[in-house]
Structure formats: structure tokens, C-alpha cells
Amino acid sequence: MRIATWNVNSVKARLPNVCSWLEQAAPDVVLFQEIKCETAAFPGSVFEALGYRAAALGQKSYNGVAILSKRPIEDLREGLPGDSDDVQARYLEATIDGVRIASLYLPNGNPVGTEKYPYKLRWMARLRDHAAGLLATEQPFVLGGDYNIIPAAEDVYDPAAWATDALFRLESRSAFRALVNLGLTEAYRALHPVGAGEPPAYTFWDYQAGRWPRDQGLRIDHFLLSPQAADRLVGCTIDRGPRAGEKASDHTPVVLELTG
DNA sequence: ATGGTTGTTCCACAA
């Protein structure tokens, strides 16, 4: 089972890029973030023509997540529990072939001095609570998406320049560690340990200041796996191809492979 | 500290 996650930065603007990548990479499941359209406007029929079923949770202009799957999508959950007042479309979860799979778009949190940052931390606390509940079920699950978290200095081109940013500051990284430390496996780093001759592995390059041609990126798109899913982990790769194309998203897909 | 780019929307805001 191959599961991809990709922040597409508007599914409408990215439709040709996304379709050509799906035809070439052909993952079994795809998690989208930042679809930037309302639920009803999600182009599900386009993906159905490529052999996928689709579920989306969107809103006007911003955010929005979706799940595509070649196999049936069951027991859909729309939204992250823990705050009924939170109207931002950032979380979708479903069961596919017996695996609980979430597509999440964690709040950016910048600028740190505003309400955006405590919202990010509250959202992370809710995610941790929800993950603890999922762990108690002892089922295989995968939490994939744009976490807007740089886990460690190896995951950013200039750690000093990002020290106070909401994606990298200690409080953000601590919250991410607290989530992982429930007993989850961060798939990419588990298979590609730092210091094993691995080159920098980024998933996002800002449109500005020539970040892509200089390979000055961030690794902020992640897969966190439950123990039962981690037992099946055989691959996690970053496909830089789509970032190089015309009208590219600023993020590129990450592809997870589980046995079975 | 500044400047740089893209997408959506109403020409600012989010990233």
C-alpha cells in the first residue's frame, strides 16, 4: 500500500500537475492539503476518472484537506475533535483497507506574537489527545500531511535564521516531540537517519528568493505511524520531481510504502 | 533588515 501526501497550494490551480503526477506515480492513497476551495467545489469527478474515490473537507479561500483512494473510503471523520468552535478545514480521517489514515494541515502559527501561534499550539495539543485515543484502539494508523514543523536542525537550510519562526522555535518542536513520543514513528527519519550519508531532504521550498534553485528548503511534510503501521513500514521517499515543473506547488509529494 | 513569489479575493492576507 503506497500513501502519498502533498500540499498542492490550490487544487484548482494545480489540477494539470496533480493529474499527471497521479498517472505517473499511481499511489493507492493520496492526502492533499491546502485545496483552497469549498467542499462542494472539490473536483472529485476528475480524480474518479483516474480511478480514485474522493473525500474532501474544504472552506472558502484557505486551508482544506482531501483523501483520494483506489479502494473504498470508510468511516469518514471530518475535523479534529476537541474544539467545536474551530471552523478551519484542516483534518480528515478515514479507514482504507483496514488502516486508519488522516490528512492533516497543521496551522502555520506565524507571526508568533499573534493569536495564530497559540492556535497552532492548541491544535497540536488536540492532535496529541486524538492520537492517544487512536493508539488505545491498537489499530494501524497513519497521520500524514503538512505539519508546518521543522523537526530538527537537519531539516532546514539555515537553522539560525529560523530559530524564532513558528515552524522551528523550541515550543513548536517540543509539541511535535510530545506527539511522536506517544509511541509514533516518523517514517522518513526512521528510514533515513541523519549522519548516514543522507543529503538534506526537504519537502517545501519558498517561491521567494530563489529557494528552489538554491535547494534552500524545509522538511515539514511528515508521516507519523502507529506501532502497528510502523511494523509494515518499508519505504518513505520524497519525490522532488513535481517541484521542478511549470506552475509548481511550493511543496512536493512524500510517498509512504507499507507492506500489504 | 530586506526582499522575494504565488493563490485567492476584492486589492489585502496567508503562506
Side-chain angles (χ1 to χ4, degrees), chain A residues 5-21 31-44 46 56-66 80 85-92 103-124 127 144-151 155-169 171-173 175-176 202-222 238 240-254:
Chain A
T5 183
W6 192 4
N7 179 323
V8 292
N9 186 18
S10 171
V11 71
K12 284 180 201 165
R14 218 63 63 207
L15 207 48
N17 308 46
V18 167
C19 287
S20 66
W21 186 78
L31 313 177
F32 286 145
Q33 301 85 38
E34 282 208 272
I35 60 173
K36 290 189 170 179
C37 66
E38 295 184 274
T39 305
F42 186 75
V46 174
L57 180 67
Q59 67 182 85
K60 194 176 177 185
S61 304
Y62 304 119
N63 309 320
V65 287
L80 184 63
D85 294 331
D86 185 359
V87 296
Q88 299 191 30
R90 296 180 174 277
Y91 192 89
L92 198 55
S103 177
L104 67 92
Y105 178 46
L106 207 147
N108 177 298
N110 282 305
V112 166
T114 68
E115 179 52 33
K116 289 171 185 294
Y117 192 63
Y119 172 64
K120 175 177 195 155
L121 294 179
R122 286 197 307 273
W123 205 95
M124 294 185 80
L127 181 59
D146 178 358
Y147 280 75
N148 271 313
I149 291 286
I150 301 163
D155 302 314
V156 50
Y157 64 94
D158 183 353
W162 286 78
T164 60
D165 190 277
L167 277 62
F168 189 55
R169 73 195 304 255
E171 206 172 359
S172 304
R173 284 185 280 139
F176 184 72
Y202 306 131
T203 65
F204 164 91
W205 298 258
D206 200 294
Y207 289 123
Q208 305 179 76
R211 296 300 183 215
W212 166 251
R214 295 171 195 203
D215 195 19
Q216 296 176 333
L218 314 175
R219 195 173 69 89
I220 55 177
D221 300 271
H222 309 297
I238 299 166
R240 296 164 63 103
R243 186 63 182 81
E246 288 291 307
K247 289 265 292 176
S249 170
D250 42 6
H251 295 250
T252 213
V254 184

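What you see is a predicted model; the values in this text were computed from it and never measured. Convention: sequence-line order gives letters A, B, ...; per-chain numbering from 1.
Nearest heavy-atom pair across A:S249 and A:W6 is CB-NE1, 4.0 Å.
Rounded to the nearest Å, the gap between the C1' atom of B:dT8 and that of B:dT2 is 26 Å. With P as the reference atom, B:dA14 and B:dT9 are 14 Å apart, rounded to whole Å. A gap of 13 Å separates the C1' atoms of B:dG4 and B:dA15, to the nearest Å. Taking atom C1' in both B:dC11 and B:dG7, the straight-line distance is 13 Å, to the nearest Å.
For the pair A:D146 and A:N9, both in contact range of DNA chain B, the more 5′-proximal nearest nucleotide belongs to A:N9. Between A:I35 and A:Y105, the residue anchored nearer the 5' end of DNA chain B, judged by the nucleotide with its closest heavy atom, is A:I35.
A salt bridge links A:R219 to A:D155: at least one charged side-chain nitrogen sits closer than 4.0 Å to a carboxylate oxygen.
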Next item on the list: Assess whether salt bridge (Lys or Arg N to Asp or Glu O under 4.0 Å) is satisfied between A:R240 and A:D215, documenting all intermediate values.
Entry: CA-CA 11 Å; A:R240 296 164 63 103; A:D215 195 19; 3.3 Å; yes
Next item on the list: Kindly indicate, with the supporting measurements, whether the criterion side chain to side chain donor-acceptor pair (under 3.5 Å) is fulfilled by A:E34 and A:S10.
Entry: CA-CA 6 Å; A:E34 282 208 272; A:S10 171; over 6 Å; no
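How far CG of A:N63 is from CG of A:N108: 10.5 Å, rounded to the nearest 0.5 Å. Rounding to the nearest 0.5 Å gives a distance of 15.5 Å between NZ of A:K116 and CH2 of A:W123.
Of the side-chain N and O atoms in A:R14, one or more sit less than 4.0 angstrom from OP1 or OP2 of B:dG7.
Non-hydrogen atoms lying under 4.0 Å from DNA chain B are contributed by A:Y207, A:Q208, A:A209, A:R211, all within residues 202-214 of chain A.
When only modelled atom types and interatomic distance are considered, A:D165 and A:N110 share a side-chain donor-acceptor pair under 3.5 Å.
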Between the protein and nucleotides 9-13 of chain B, which nitrogen or oxygen pairs are less than 3.5 angstrom apart?
| unit_1 | atom_1 | unit_2 | atom_2 | d |
| --- | --- | --- | --- | --- |
| B:dT9 | OP1 | A:S61 | OG | 3.4 |

